[in-house]
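We're numbering straight along the sequence, starting at 1.
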Amino acid sequence: QVQLAESGGGLVEPGGSLRLSCAASGNIFMINVMGWYRRAPEKERELVATISSGGRTSYADSVKGRFTISRDNSNNTVYLQMNSLKPEDTAHYYCNVKSWSYREFWGQGTLVTVSS
């Protein structure tokens, strides 16, 4: 079992930056892929970015060039650096972990609000 704790959400003006963190604990040896999803108001949950155990990254087209996902295996933490934020980035952001045995684990979510 893996537990995830997210932090770093908040209110930011358009064009600003924010950095999300997600620390994993428990059976960390199960972790394969780590990533971030988000759910905006009145919209379905969407995948934002992923990073594999080897460091391979993938991004949604809507955030490519603005967001950067990274991973620190020494402390089992995944980060999402968000730059040039837009109002449409406003959403609850959720950390997600996939294990080598095909299990998924979710954080409780952190709210990002982009507004003037």
Side-chain angles (χ1 to χ4, degrees):
Q1 185 174 326
V2 175
Q3 296 82 43
L4 305 175
E6 302 125 323
S7 63
L11 175 64
V12 65
E13 294 184 352
S17 298
L18 213 57
R19 190 191 193 204
L20 306 182
S21 299
C22 174
S25 61
N27 192 358
I28 58 174
F29 304 105
M30 299 175 60
I31 296 173
N32 181 7
V33 178
M34 305 183 79
W36 293 92
Y37 287 74
R38 69 184 181 186
R39 186 179 230 125
E42 308 298 323
K43 289 187 170 61
E44 196 170 325
R45 184 176 63 193
E46 66 172 343
L47 178 62
V48 177
T50 63
I51 183 167
S52 72
S53 59
R56 188 185 301 270
T57 60
S58 180
Y59 298 92
D61 288 341
S62 58
V63 306
K64 189 170 293 186
R66 300 188 296 120
F67 291 10
T68 302
I69 189 169
S70 60
R71 180 172 179 169
D72 185 350
N73 290 327
S74 67
N75 60 5
N76 306 294
T77 302
V78 63
Y79 305 92
L80 186 67
Q81 178 67 48
M82 304 183 294
N83 299 325
S84 302
L85 283 162
K86 305 174 181 179
E88 52 262 44
D89 294 318
T90 296
H92 284 93
Y93 285 71
Y94 300 89
C95 183
N96 172 265
V97 165
K98 293 179 174 63
S99 75
W100 290 102
S101 59
Y102 305 104
R103 294 184 180 182
E104 284 190 281
F105 305 91
W106 293 91
Q108 291 298 113
T110 184
L111 178 61
V112 172
T113 303
V114 185
S115 176
S116 298

Following the transitive rule for hydrophobic clusters with a side-chain heavy-atom cut-off under 4.5 Å over Ile, Leu, Val, Met, Phe, Trp and Tyr, establish whether M34 and I28 coincide in one cluster. yes
Cluster overlap L80 with L4, hydrophobic side-chain contacts below 4.5 Å: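 Yes, one cluster joins them.
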Within a strict 4.5 Å, meaning less than it, do heavy atoms of the S101 and M30 side chains meet? yes
Looking only at non-hydrogen atoms, find the nearest pair between [X] and [Y] and report the distance.
{"X": "R39", "Y": "K43", "result": "CG-O, 3.5 Å"}
{"X": "C95", "Y": "V78", "result": "SG-CG1, 3.8 Å"}
{"X": "P14", "Y": "S116", "result": "CD-OG, 3.6 Å"}

Any donor-acceptor pair under 3.5 Å linking the side chain of [X] with the backbone of [Y]?
{"X": "R71", "Y": "G55", "answer": "no"}
{"X": "T110", "Y": "Y93", "answer": "no"}
{"X": "E6", "Y": "G109", "answer": "yes"}

Can you tell me how far [atom2] of [Y] sits from [atom1] of [X], rounded to the nearest 0.5 angstrom?
{"X": "Y79", "Y": "I51", "atom1": "OH", "atom2": "CD1", "result": "11.5 Å"}
{"X": "L11", "Y": "L18", "atom1": "CG", "atom2": "CG", "result": "9.0 Å"}
{"X": "I69", "Y": "Q81", "atom1": "CD1", "atom2": "CD", "result": "12.0 Å"}
{"X": "T57", "Y": "F67", "atom1": "OG1", "atom2": "CZ", "result": "14.0 Å"}
{"X": "Q108", "Y": "C22", "atom1": "CD", "atom2": "SG", "result": "11.0 Å"}
{"X": "D89", "Y": "R38", "atom1": "CG", "atom2": "CZ", "result": "5.0 Å"}

Passing candidate, side chain to side chain contact (heavy atoms under 4.5 Å, CB included) with Y59, options V48, T68, T50: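 Per the side chain to side chain contact (heavy atoms under 4.5 Å, CB included) rule, the option paired with Y59 is T68, out of V48, T68, T50.
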Side chain to side chain contact (heavy atoms under 4.5 Å, CB included) partner of F105, chosen from N27, V2, I31, N96: V2
Just checking, any donor-acceptor pair under 3.5 angstrom between side chains of T113 and S115? no
Parallel, tilted or perpendicular, judged at 30° and 60°: which one describes the rings of Y94 and W106? perpendicular
What pairs of residues pass the salt bridge (charged side-chain N to carboxylate O under 4.0 Å, His left out) test when at least one of them lies in residues 99-116, not counting sequence neighbours?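 Only K98-E104 qualify under salt bridge (charged side-chain N to carboxylate O under 4.0 Å, His left out).
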Derivation of the side chain to side chain contact (heavy atoms under 4.5 Å, CB included) call for M82 and V112: CA-CA 10 Å; M82 304 183 294; V112 172; 3.8 Å; yes
